[in-house]
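Down below is the structure, laid out as structure tokens.
Just so it is clear: chains get the letters A, B, ... in the order the sequence lines come, proteins before strands, and each one is counted from 1.
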2 protein chains.
Amino acid sequence: MASNRQQAPRNPGLRDVAALVGVSRQTISRVLNDGPYVSDDTRRRVMEGVKALGYQVNAPAKALATGKTRLIALLVPDIGNPHFARIARAASEEAEHYGYDVVLWNCGESPRRELGYLRSLPSHRVDGVVVCSSRLSAGALREFVSGEVPIALINRSLGGQSAVPEVIVDAEVGAASAARLLADLGHRTIGILSFRPPSESAAVRLRGYGRSLEGQGVKIDSRQVRRVSPDMAGGYAGATSMFARVPRLTALLCANDLIALGAVQAAYAQGLRVPEDVSIVGFDDIAAASSSTPPLTTVHIPQAELGRTAVDLLIGRLRGEPSPSSPVVLPTQLVQRGSHAPCVAADTRAVSARAVQRTTRRGNTPVRLGTILRTPAGPPNPSRPIPNPCKAPAGNPEPPTRR
Amino acid sequence: MASNRQQAPRNPGLRDVAALVGVSRQTISRVLNDGPYVSDDTRRRVMEGVKALGYQVNAPAKALATGKTRLIALLVPDIGNPHFARIARAASEEAEHYGYDVVLWNCGESPRRELGYLRSLPSHRVDGVVVCSSRLSAGALREFVSGEVPIALINRSLGGQSAVPEVIVDAEVGAASAARLLADLGHRTIGILSFRPPSESAAVRLRGYGRSLEGQGVKIDSRQVRRVSPDMAGGYAGATSMFARVPRLTALLCANDLIALGAVQAAYAQGLRVPEDVSIVGFDDIAAASSSTPPLTTVHIPQAELGRTAVDLLIGRLRGEPSPSSPVVLPTQLVQRGSHAPCVAADTRAVSARAVQRTTRRGNTPVRLGTILRTPAGPPNPSRPIPNPCKAPAGNPEPPTRR
DNA sequence: GTGAAAGCGCTAACAG
DNA sequence: CTGTTAGCGCTTTCAC
């Protein structure tokens, strides 16, 4: 044991550099950590030695000594979901700028696994965690945010003066503007496709739709609201049954784009045209929303900013900066594309439906009403974002001394 | 310094448990690591103590002592890209099963950053790396795979007896089957939209298309091949210019789905119907491929299996198991959806195009030829995968003692 | 300015 | 079966 050098060219340590340069390990360390009290000459020689040996710190050793791992965990329900993938991309990008690595905690939508990860926090010794759209109850979550390791929340607010960094989106305003768009176009019989399991985000969107419609004097009875699984199949099933139960329906507000896309398919299957016979609006603005036919009118969520801001806030806390006492709220945007149109009475529609349909494709501008609000035909990804009025800061809030 | 206990209730250490239970730290450690030579009674008491104090190991300390971090890095070009997100999901899932955490190295498609990450390997002390579709040259890559830390490659093969765990996909076979599908349908003037920068995957797909077409006696001249950026905008631009230069074109093979989707939009913008006037086939089978209109005929890549298998292979190596000496090749599948149809002579088309178009929507089965090979109308996500003939193992190769 | 000593929390090697 | 002794490679006092 503890004998001399082996044959294997181990990674050089501080010791090796020290031996080469002819100073103590301490001095090397000081130079590497930009410590004070080092002569320029020594510093230069040390750097040379470091370069010559290709020295790199041993992260675990440093972590043990300092108590900081420079690791932050990112807890997401499903990294395979483009929404979270975008958030993750921005988060990891931002973390990298500050010299942090991101460990990916993918929960597969399972609260149990989420809990498991959170419980293992003390062991992992990550410096902080970004928790994305937690499925956990506020109570359970609160237990962790008051723990040893700092947590930033995305799309979840614990309310109160919790001093937890939180980034949310004004989904209610976004939902309301979508609802108003339809109401303004004359729609009076509007269906809502929300999703289950009941999450906070589902509730917020539903509320936004409901309040806005109410404000416009549009009545929604219980048959006009359905909760479906948050995917295309759910949207398809929900829309199909809604069309059957509410024959006079002229518009559909969906709690997410996948549901909306499913609803579009359902409409087609019924021989209904979108948007001529029925307007369909989504939420999220996933990539598929702009490439579907028709391109989906939807509410855009600033995914990248969510991820970036959460990391900013978290790292700010790690540096001891105070977090904002209330959630940072990012604005959503209503993106008007091709899936909405002015209302045409459902009776009229009933007659016209299943008749020979003219194409609604872009580039042909066929006979049809109300192209006014629609995005013009053109290259891919046509979209005309309309910023919501929003009291939240538009930019990147409190960036801790950015690059 | 080094005085007694502070007020702050630090995380309990081995020392605390040892004090409570009345044994040495070593014994605690042995119990926790399932070491031998512990009496059942001691083991029980230790476990109680551990539970009582809520003890959890300090990962960095353990890492320093053992030289293993139980971290594996996942290097991806872009986690925001659904393709890699899917791979990442499966990889992280698999890693978790073996008790590894995944650190996400997102390169933003930049070879420079990729190189940076790889160079920092010795410092991070991750136990292994999964490198996904590296942009690096074989030479550069080889330098790392022969380094200290084990690397598994996804979608990249260094060739030879490199003893590097590699998982690839038989993209050439997939591409060939797509090409043959079109040839069999009578298409003779077929365009190819490949992408730049020239990557191995682009080359392989191109080769698959080319060889297959050649075998079928279909000639492709240089004007029929274009390299575009690998996104919808690229597909749109490429297809638009191709339609202009090759007016008799009846089909388009695209090197990925995004390009294909852009091409579809370009076709629409020209007043061409898909698939009646022009067949368009993609590659990858991203989520948007099944929800577009028409749903895209494409070549499916087993993303989850790629990620899962790579991690299996890597962890196998970490355990000292030998890696397969040749790449594990996973089968692709041609998924026939709605964007292909039998060839109609381009002259005929030229006449019919821009005329009043009948809908091609599903559920209406309008007058049109060749629905034979198409998926029937129905609920979302219709797809009928046709497995390729493939000599590769279908299942999960060499799983190191799975769950 | 620089070096020496002590420990971060754990496991590995040996002794009993 | 269990305890003791050494480090893992780095940073942090504190002395010089």
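- For R15(A) and dC8(D), the shortest distance from a side-chain N or O to OP1 or OP2 is below 4.0 Å.
- At the phosphate of dT11(C), OP1 or OP2 sits under 4.0 Å from a side-chain N or O atom of S29(B).
- Mapped onto DNA chain D by nearest heavy atom, Q26(A) and S24(B) fall at different nucleotides, with S24(B) at the one closer to the 5' end.
- Counting to the nearest Å, the P atom of dG1(C) and the CG atom of D40(A) are 9 Å from each other.
- Annotation: proximity of residues 58-65 of chain B to DNA chain D (heavy atom, distance under 4.0 Å) is found for L64(B), A65(B), numbered in ascending order.
- Among residues at least two apart or in separate chains, there is no ring pair (Phe, Tyr, Trp, His ring centres under 6.0 Å) pair with a member in residues 126-149 of chain A.
- Taking side-chain N and O atoms only, S39(B) has no distance below 4.0 Å to OP1 or OP2 of dC1(D).
- In this model, no donor atom of one side chain and acceptor atom of the other lie less than 3.5 Å apart for S120(A) and S123(A).
- Ion pairing between a basic and an acidic side chain is recognised when a charged N comes within 4.0 Å of a carboxylate O; R45(B) and D41(B) show such pairing.
- Residues meeting the side-chain hydrogen bond (donor to acceptor under 3.5 Å, both in side chains) test with N155(B), sequence neighbours left out: none.
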TODO: Verify side-chain contact (heavy atoms from CB on, under 4.5 Å) between C107(B) and L75(B), making sure each step is shown before the conclusion.
DONE: CA-CA 7 Å; C107(B) 307; L75(B) 189 61; 3.2 Å; yes
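- Atom pair D41(B):CG and dT2(D):C1' shows a separation of 13 Å (rounding to whole Å applied).
- Looking at every heavy atom in both residues, I72(B) comes nearest to L318(B) through CG2-CD1, 4.5 Å.
- By the ring-ring contact (aromatic ring centres under 6.0 Å, His included) test, Y117(A) pairs with W105(A), sequence neighbours left out.
- The CZ-C1' distance, from R70(A) to dT11(D), rounds to 15 Å in whole Å.
- Using a 4.0 Å heavy-atom criterion, one finds that R25(B) contacts the bases of the nucleic acid, with or without backbone contacts as well.
- At distances below 3.5 Å, at least one donor-acceptor pair connects side-chain atoms of S146(A) with backbone N or O atoms of E143(A).
- Between R30(A) atom CZ and dT12(D) atom P there is a gap of 11 Å when expressed in whole angstrom units.
- Rounded to a whole Å, the CG atom of N11(B) is 9 Å from the P atom of dG9(C).
- The interatomic distance linking I28(A) (CD1) with dG3(C) (C1') rounds to 12 Å, in whole Å.
- Remark: T27(A) is in phosphate contact with dG3(C), judged by side-chain N or O atoms under 4.0 Å from OP1 or OP2.
- The nearest whole Å value for the distance from the CD atom in Q56(B) to the C1' atom in dC10(C) is 15 Å.
- Rounded to a whole Å, the NZ atom of K68(A) is 15 Å from the C1' atom of dC10(D).
- Listed by first and then second residue, the side-chain hydrogen bond (donor to acceptor under 3.5 Å, both in side chains) pairs that reach into residues 51-69 of chain B are N33(B)-K62(B), T69(B)-D127(B), sequence neighbours excluded.
- For residues 116-125 of chain A, proximity to DNA chain D is found at no residue, defined as any non-hydrogen atom under 4.0 angstrom from a strand atom.
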